[in-house]
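My questions will all concern the structure given below.
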Amino acid sequence: MDEKKLTPKAENYSEWYNQLVQRAELADYAPVRGCMVVRPYGWSLWENIQAILDQRFKATGHVNAAFPLFIPLSFMEKEKEHVEGFSPELAVVTIGGGTELEEPLVVRPTSETIIGHMYAKWIQSYRDLPVLINQWANVVRWEMRTRLFLRTLEFYWQEGHTAHATAEEAEAETLQMLNIYADFAYNEAAVPVIPGRKSETEKFAGAVRSYTIEAMMGDKKALQAGTSHNLGQNFAKAFDIQYLDENNTLQYCWTTSWGLSTRFIGAIIMTHGDDQGLVLPPRLAPIQVVIVPIFRKDEEKTQVMAVVERFKSELSTFRIKVDDRTEVTPGFKFNEWELRGVPLRLEIGPKDVANNTVALARRDIPGREGKSFVSQEDIAGTVGAMLETIQANMLANATQCRDENIHQPEDYEAFKEIIAADGWCYVWWKPNDENEARIKEDTKATLRCIPREQPGGTGKCIFSGEEATEKAYFARAY
RNA sequence: CGGGGUGUAGCGCAGACGGCUAGCGCGCCGCGUUUGGGACGCGGAGGUCGGCGGUUCAAGUCCGCCCACCCCGACCA
């Protein structure tokens, strides 16, 4: 067994994922079961995700704030579905400073309740609306089975919470944020997600309607990569979030919440990663370009490093790293930066100095085919264009892979075969909780989403055969 | 929480039927030679063998209990 190589995806996908996350230094296991340490490289990736989303939230009128980690247990119990959904996975603090607390505190699994409580204080009039707040925070959910980034007891995310005067406004907000997530996934992460609505059984505990962006991982399992919920007046009624309208009538607000977490890093890994390791989309990569100088003698070193220095200043608008370590060979560095998913690598050696060239190796195309020699002239232009090409190619590859694995079976037998072979099914569906549960029992597949884009017309429900007006995606999921 | 597996150096592992100073590869430190796809030589450092208890002249090794982690299921962003 070659310890230098990752376990191939085809051999053991979970093992491939676990090794990759740790060896690329994205995250490590914490001394507490189910918890992770996000290492600097992984956190840097998260910071890039944060920066882009944060900018888009602000561009749509949202502001950031910070709410407490601890929530009175009684708050969680005020909204019936919410407490039913979350009580099994709450971490509860009962002792503080050595004495038993009068009321236990839950470590927030999400912040609808405590934010709802505050909104009730802050909102008096229709003039106070809408309230558009986001927070970047950590939350805790006591999960049974955990995996780095995908499901840990504690994870990092943003949660937006808004309050509106009308149902229409709340729905528009919910969809606006879903669109931001989908656009982010496509255009920044090169993850071709399918935006859609969750079924009754899959929706958020306490929501009227939940929307999701669903992504297909390399093993064809679905991953919910972001969610946006229309909470209707459920939380407004539970927490008395009321306002006086223009006619001096007391009204309940309409609220929403939406979140995207560090799980998205898992989505990036499993959408783009290959047997060499991580493949990061240029727009999000902590390091976009790594420069590997190659030389033997001091004289060569001087010449090579002169070019490297020039590149450093010419490429200053990119996130670059010069790997000038002398204790490892260039070959070692190539493998290491490929493992860590750097989109583009420049190799500069004596031959390049002589020829006024540089070797350009793109991560999205492994091996020799991804390597070319280009002129040193206008290196910034060349690099910029190549990074865009890589970004586009990654999205195209992921989209192709996704579409190749989505099938449209005509009957339930074919449906079961496709699910058994790890495919996704796109089928006519007449909403029915019991039938959905039966499909899950039969096949382990769940209704991932009812996509926003619909073909129109009607068809026969894949399970019941009844006339259905919508199509839905079914797949096994993380 | 059910089923399976694993705990020996930072990582990966080996240590019949108990036996004396616990070993190997990678990594790490030093010196030298190297450097265009995971370099090599020489010399080093590094361990309460997951924990507790038991059996024994003697326990990584046998027995019991506990703990942790991983994988596969049921629940979830």
Side-chain angles (χ1 to χ4, degrees), chain A residues 1-7 12-15 17-19 22-23 28-35 85-90 109-110 139-159 181 198 201-205 210 212-215 222-229 257-267 276-277 292-297 300-301 304 323-339 345-355 357-359 361 366-368 370-371 373 440-441 444 446 476-478:
Chain A
M1 218 181 25
D2 193 346
E3 288 164 8
K4 287 172 182 166
K5 286 209 160 58
L6 286 172
T7 297
N12 184 339
Y13 198 81
S14 304
E15 193 59 30
Y17 178 85
N18 289 338
Q19 287 180 5
Q22 289 177 86
R23 289 171 57 171
D28 203 351
Y29 292 102
V32 179
R33 176 193 83 85
C35 291
F86 279 105
S87 59
E89 45 188 276
L90 292 181
T110 178
V139 287
V140 169
R141 298 179 186 180
W142 216 263
E143 303 289 351
M144 307 231 178
R145 198 169 150 209
T146 59
R147 301 199 58 192
L148 294 173
F149 289 120
L150 300 177
R151 183 171 300 105
T152 46
L153 298 197
E154 181 189 19
F155 61 90
Y156 303 86
W157 74 347
Q158 57 67 216
E159 46 178 326
Y181 289 153
K198 281 291 183 191
T201 50
E202 294 281 329
K203 74 180 188 196
F204 177 76
S210 285
T212 175
I213 50 172
E214 292 289 320
L223 185 77
Q224 179 171 314
T227 46
S228 186
H229 313 291
S257 68
W258 27 276
L260 184 145
S261 75
T262 40
R263 170 184 262 195
F264 201 92
I265 292 176
Q276 298 303 311
V292 179
I294 300 160
F295 51 79
R296 303 173 199 224
K297 311 180 180 86
E300 289 173 347
K301 178 178 179 179
V304 165
D323 188 353
D324 55 4
R325 288 175 297 175
T326 52
E327 66 271 22
V328 289
T329 59
F332 181 90
K333 293 175 185 176
F334 300 165
N335 284 284
E336 182 168 278
W337 293 115
E338 280 168 13
L339 172 68
R345 181 177 71 241
L346 302 184
E347 307 165 16
I348 305 163
K351 287 178 211 163
D352 298 302
V353 172
N355 301 334
T357 58
V358 57
R368 291 260 178 268
K371 211 155 162 172
F373 289 85
K440 190 176 178 183
E441 255 178 64
K444 292 175 193 157
T446 49
R476 289 181 182 161
Y478 274 95

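A, B, ... follow the sequence lines: proteins, then strands. Residue 1 opens every chain.
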Examine the base of B/G36 for any acceptor or donor lying under 3.5 Å from a partner atom in the side chain of A/K371, and report the outcome as yes or no.
no

Hits for side-chain contact (heavy atoms from CB on, under 4.5 Å) against A/S87, two or more places apart or cross-chain, chain-then-number order -> A/V83

Atom pairs, protein N/O to nucleotides 32-34 of chain B N/O, distance under 3.5 Å:
none

Under 4.0 Å, counting only non-hydrogen atoms across every strand here, what does A/E347 touch: a base, just sugar-phosphate, or nothing?
base

What's the closest nucleotide to the A/M144 side chain, out of B/C71, B/G36, B/C75?
B/C75

Using atom P in both nucleotides, what's the gap between B/U21 and B/A58 to the nearest angstrom?
15 Å

Looking only at side-chain N and O atoms, does A/K5 come under 4.0 Å of OP1 or OP2 in B/C26?
no

Whole-Å distance between B/C70 P and A/L150 CG?
13 Å

NZ/NE/NH1/NH2 to OD/OE distance under 4.0 Å, A/E202 and A/K440:
no

A/E143 has a side chain; which of B/C75, B/C71, B/G38 sits nearest to it?
B/C75

With A/S261, which residues qualify under side-chain contact (heavy atoms from CB on, under 4.5 Å), at least two apart?
A/F155, A/W157, A/R263

Mind checking if A/D352 touches a base, just sugar-phosphate, or nothing, with heavy atoms under 4.0 Å?
base

Looking only at the side chain of A/E336 (C-beta and beyond, no hydrogens), which of the listed nucleotides B/A74, B/G38, B/C71 gets closest?
B/G38

Need one value for A/T152: base, sugar-phosphate or nothing, where a base atom within 4.0 Å counts as base even if backbone is also close, heavy atoms only.
base

Only counting residues at least two apart or in another chain, list the ones meeting side-chain contact (heavy atoms from CB on, under 4.5 Å) with A/T329.
A/F332

Take atom P in B/G43 and the same atom in B/G38, then report the distance between them in whole Å.
26 Å

Considering only the P atoms, how many Å lie between B/A22 and B/G41, rounded to the nearest integer?
27 Å

Between B/C71, B/G36, B/G38, which nucleotide gets closest to the side-chain atoms of A/P330?
B/G36

Starting at atom CD of A/E327, determine the distance to atom P of B/C28, rounded to an integer number of angstrom.
8 Å

Regarding B/C63, purine or pyrimidine glycosidic angle vs 90° from 0 gives anti

Using the C1' atom as the reference point in each nucleotide, state the distance between B/G5 and B/A9 in Å, no decimals.
23 Å

How would you label the contact of A/S14 with the nucleic acid (heavy atoms, under 4.0 Å): base, sugar-phosphate, or nothing?
sugar-phosphate

Are there any protein N/O atoms within less than 3.5 Å of an N/O atom in nucleotides 3-10 of chain B, and if so, which ones and at what distance?
none

Scan A/P350 against the nucleic acid and name what it touches under 4.0 Å (heavy atoms): base, sugar-phosphate only, or nothing.
base

With syn defined as a glycosidic torsion within 90 degrees of 0 and anti otherwise, which applies to B/G43?
anti

Base, sugar-phosphate, or nothing for A/R345, non-hydrogen atoms under 4.0 angstrom?
base

When the C1' atoms of B/G25 and B/G15 are considered, how many whole Å apart are they?
15 Å

Test of understanding: with side-chain hydrogen bond (donor to acceptor under 3.5 Å, both in side chains), list the residues that count as partners of A/T262, not counting sequence neighbours.
none

Residues two or more places apart in sequence or in another chain: which of them pass side-chain contact (heavy atoms from CB on, under 4.5 Å) with A/V140?
A/A91, A/V107, A/W142, A/E154

Between A/G85 and A/A205, which heavy-atom pair has the shortest distance, and what is it?
CA-CB, 3.7 Å

Counterpart base for B/A45, defined by Watson-Crick or G-U wobble contacts under 3.5 Å
none

Hey, does A/K351 reach any base, or is it just sugar-phosphate, or nothing, if we go heavy atoms under 4.0 Å?
base

From CG of A/N12 over to C1' of B/C71, roughly how many Å is that when rounded to an integer?
8 Å

With rounding to the closest Å, how many angstrom separate the P atoms on B/A68 and B/C31?
45 Å

Could you tell me the separation between the CD atom of A/Q22 and the C1' atom of B/G27, rounded to a whole number of Å?
16 Å

With sugar-phosphate meaning primed atoms plus P, OP1 and OP2, does A/F373 contact a base, only sugar-phosphate, or nothing at under 4.0 Å between heavy atoms?
base

Provide, to the nearest angstrom, the distance between the CZ atom belonging to A/R325 and the P atom belonging to B/A39.
11 Å

Report which part of the nucleic acid A/G259 touches: base, sugar-phosphate, or nothing (heavy-atom distance under 4.0 Å, all strands).
nothing

When every non-hydrogen atom of A/T152 is compared with those of A/R147, the smallest separation belongs to CG2-O, 3.6 Å

B/G27 versus B/C13 - spacing of their C1' atoms, nearest Å:
14 Å

If you check every side-chain atom of A/K440, which of B/C75, B/C70, B/G37 has the closest atom?
B/C75

Base, sugar-phosphate or nothing for A/F155? Non-hydrogen atoms, less than 4.0 Å.
base

Winner on side-chain proximity to A/I294, out of B/G38, B/G36, B/C71, is B/G36

Between B/C75 and B/U6, how many Å separate the two C1' atoms, rounded to a whole number?
25 Å

Indicate, with a heavy-atom threshold strictly under 4.0 Å, whether A/A359 touches base, sugar-phosphate, or nothing.
base

In chain order, what residues pass the ring-ring contact (aromatic ring centres under 6.0 Å, His included) check against A/Y13, with sequence neighbours excluded?
A/W16

Please identify each residue that fulfils side-chain hydrogen bond (donor to acceptor under 3.5 Å, both in side chains) with A/K371, with sequence neighbours left out.
A/E347

What's the base orientation of B/A22: syn (chi within 90° of 0) or anti?
anti

Under-4.0 Å salt bridge between A/R345 and A/E336:
no

Please determine whether any donor N or O and acceptor N or O are separated by less than 3.5 Å between the side chain of A/E338 and the base of B/G37.
yes

For A/F86 and A/P109, the nearest pair of non-hydrogen atoms, with its separation, is CD2-CB, 3.9 Å

